[in-house]
Amino acid sequence: MLMPGYDVVKAAQAAAFFALKSGGKINVLKLAKLLYLAERGFMSRYDEPMFYDHLVSMPDGPVTSITLNLINGDAEDDTWPKFVAPRQGYDVSVADGVTLANLENLSAAEMELLGELWEKFKTFDRYRLRDWTHQKKNVPEWEDPKGSSCQITHEEVFEYLGKPDVKALVDNIRDRRHLAKAIRQIV
């Protein structure tokens, strides 16, 4: 079962968006970086995450951990394969029949941010984008986990983004997760 509050539909549709923009399939490393930057970018603009994912520093940079597990087939959800095909080697493809018009759960603001990220990074290969996320001036919350992984808290991201009321923003994320957990127990 996925983390309460995590928005698998938006994560799957964002992954499909980048695969579509990349011609139908995209390298997993590049996709993982773009999805992290989408989560971070949405936090910067709108004071909340796009997917409400678990953020992690890994040797190849920061990732949205739950989404990466779905990409790699290490987690399952009925929604994911409606938008994203199973990983094939180093690539992931959009599911059959999915078009940009099918990505209805992404708001105009989310689509705008994803589009801007694609325009900025479309010419970057996976290694150039990975290296870009390793630079403190770009993603200061990433720390080299020395071959392992370590959590990046939403609090850290908000602090590096210079948000004025970090505690309130983190409380909102916590409240969403508690509410989602309570709803899951009722249903």
Side-chain angles (χ1 to χ4, degrees), residues 1-18 31-58 61-72 74-80 82-84 102-121 132-143 145 149-187:
M1 188 168 289
L2 303 177
M3 175 188 287
Y6 170 70
D7 196 330
V8 66
V9 177
K10 286 188 181 186
Q13 289 187 4
F17 175 92
F18 288 125
L31 177 60
K33 300 307 130 213
L34 289 169
L35 292 170
Y36 181 86
L37 293 172
E39 188 82 324
R40 185 182 201 281
F42 207 75
M43 291 171 69
S44 177
R45 284 190 190 175
Y46 302 105
D47 295 341
E48 65 180 339
M50 187 183 297
F51 323 126
Y52 288 82
D53 208 320
H54 181 72
L55 309 176
V56 177
S57 284
M58 295 186 76
V63 299
T64 49
S65 178
I66 300 168
T67 305
L68 183 59
N69 286 338
L70 288 161
I71 291 168
N72 289 334
D74 297 331
E76 292 182 13
D77 183 87
D78 294 341
T79 301
W80 188 260
K82 293 176 183 175
F83 298 98
V84 182
N102 299 124
L103 308 181
E104 298 171 342
N105 284 71
L106 294 173
S107 69
E110 290 161 340
M111 290 290 279
E112 180 180 344
L113 176 65
L114 296 174
E116 289 171 10
L117 286 170
W118 180 252
E119 286 305 311
K120 182 173 183 173
F121 296 111
W132 188 91
T133 65
H134 286 193
Q135 296 176 26
K136 285 292 184 189
K137 68 180 181 177
N138 300 326
V139 185
E141 65 271 16
W142 178 78
E143 296 289 334
S149 66
C150 58
Q151 180 179 6
I152 299 171
T153 66
H154 288 98
E155 181 177 13
E156 290 173 289
V157 176
F158 283 132
E159 285 174 356
Y160 280 117
L161 291 171
K163 295 295 177 176
D165 195 355
V166 171
K167 182 183 179 325
L169 297 174
V170 172
D171 286 347
N172 289 341
I173 294 170
R174 187 199 67 238
D175 292 347
R176 175 189 166 100
R177 289 193 173 139
H178 286 307
L179 179 61
K181 185 177 181 179
I183 290 170
R184 185 183 287 172
Q185 290 171 346
I186 294 170
V187 178

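Residue numbers run from 1 in the order of the sequence given. Quantities reported herein were computed from a predicted structural model and do not represent experimental measurements.
Interatomic distance, NZ of Lys82 versus CG of Asp77, reported as 8.5 Å (0.5 Å rounding). Distance check, rounded to the nearest 0.5 Å: CG of Leu35 to OG1 of Thr67 gives 6.0 Å. Between the CG atom in Leu117 and the CZ atom in Arg40 there is a gap of 11.0 Å [rounded to 0.5 Å]. Atom CE of Met50 and atom CD of Gln13 lie 11.0 Å apart (nearest 0.5 Å). The CZ atom of Phe17 sits 14.5 Å away from the CZ atom of Phe83 when rounded to the nearest 0.5 Å. Interatomic distance, CE of Met111 versus CD of Glu116, reported as 12.5 Å (0.5 Å rounding).
In plain terms, the two heavy atoms of Thr133 and Gly61 that are nearest each other are OG1-CA, 4.1 Å. Between Ala38 and Leu113, the closest heavy-atom pair is O-CD2, 3.4 Å. Nearest heavy-atom pair across Ile152 and Pro62 is CD1-CB, 3.9 Å. In terms of heavy-atom proximity, Leu68 sits nearest to Ala32 at CD1-CB, 4.3 Å. In terms of heavy atoms, Ala109 sits closest to Tyr46 at CB-OH, 3.4 Å. Here the closest non-hydrogen pair linking Gly5 and Tyr52 is O-CB, 3.4 Å.
A donor-acceptor pair is defined here as one N or O able to donate and one able to accept, closer than 3.5 Å; such a pair exists between the side chain of Glu39 and the backbone of Asp53. Here the side chain of Lys33 pairs no donor or acceptor atom with the backbone of Val63 at under 3.5 angstrom. Panel note: side chain Ser57, backbone Glu143; a donor-acceptor pair is recorded below 3.5 Å.
Checked against side-chain contact (heavy atoms from CB on, under 4.5 Å), Ser149 has the following partners two or more places apart in sequence or in another chain: Val56, Met58. Partners of Asn69 under the side chain to side chain donor-acceptor pair (under 3.5 Å) rule, at least two apart in sequence or in another chain, do not exist in this structure. Remark: Ser44 pairs with no residue by the side chain to side chain donor-acceptor pair (under 3.5 Å) rule, at least two apart or across chains. The side chain to side chain donor-acceptor pair (under 3.5 Å) search around Asn102 returns Thr99, not counting sequence neighbours.
Between Leu70 and Tyr6, some side-chain heavy-atom pair lies under the 4.5 Å cut-off. Here the side chains of Leu37 and Trp132 are in contact, with some heavy-atom distance below 4.5 Å. Put simply, the side chain of Met43 does not reach to within 4.5 Å of the side chain of Leu169, judged on heavy atoms. Taking 4.5 Å as the limit, every side-chain heavy atom of Asn172 sits out of range of all side-chain heavy atoms of Glu48. By the 4.5 Å heavy-atom criterion applied to side chains, Leu31 and Ile71 are counted as neighbours.
Listed by first and then second residue, the salt bridge (charged side-chain N to carboxylate O under 4.0 Å, His left out) pairs involving residues 103-115 are Lys10-Glu110 (not counting sequence neighbours). Applying the salt bridge (charged side-chain N to carboxylate O under 4.0 Å, His left out) test to pairs two or more places apart or on separate chains, those with a residue in residues 172-182 are Asp171-Arg174.
Dense packing is recorded around CG of Asp74, with more than 12 heavy atoms of other residues, nucleotides or ligands lying under 6.0 Å away. Heavy-atom contacts from other residues, nucleotides or ligands closer than 6.0 Å to NZ of Lys167 number 12 or fewer.
Using a 30° and 60° split on the angle between ring planes, Trp118 and Phe18 fall in the tilted class, from 30° to 60°.
Put simply, the residue from Asp165, Thr153, Ile173 that forms a side chain to side chain contact (heavy atoms under 4.5 Å, CB included) with Phe158 is Ile173.
Tyr36 and Trp142 have their aromatic ring centers separated by at least 6.0 angstrom.
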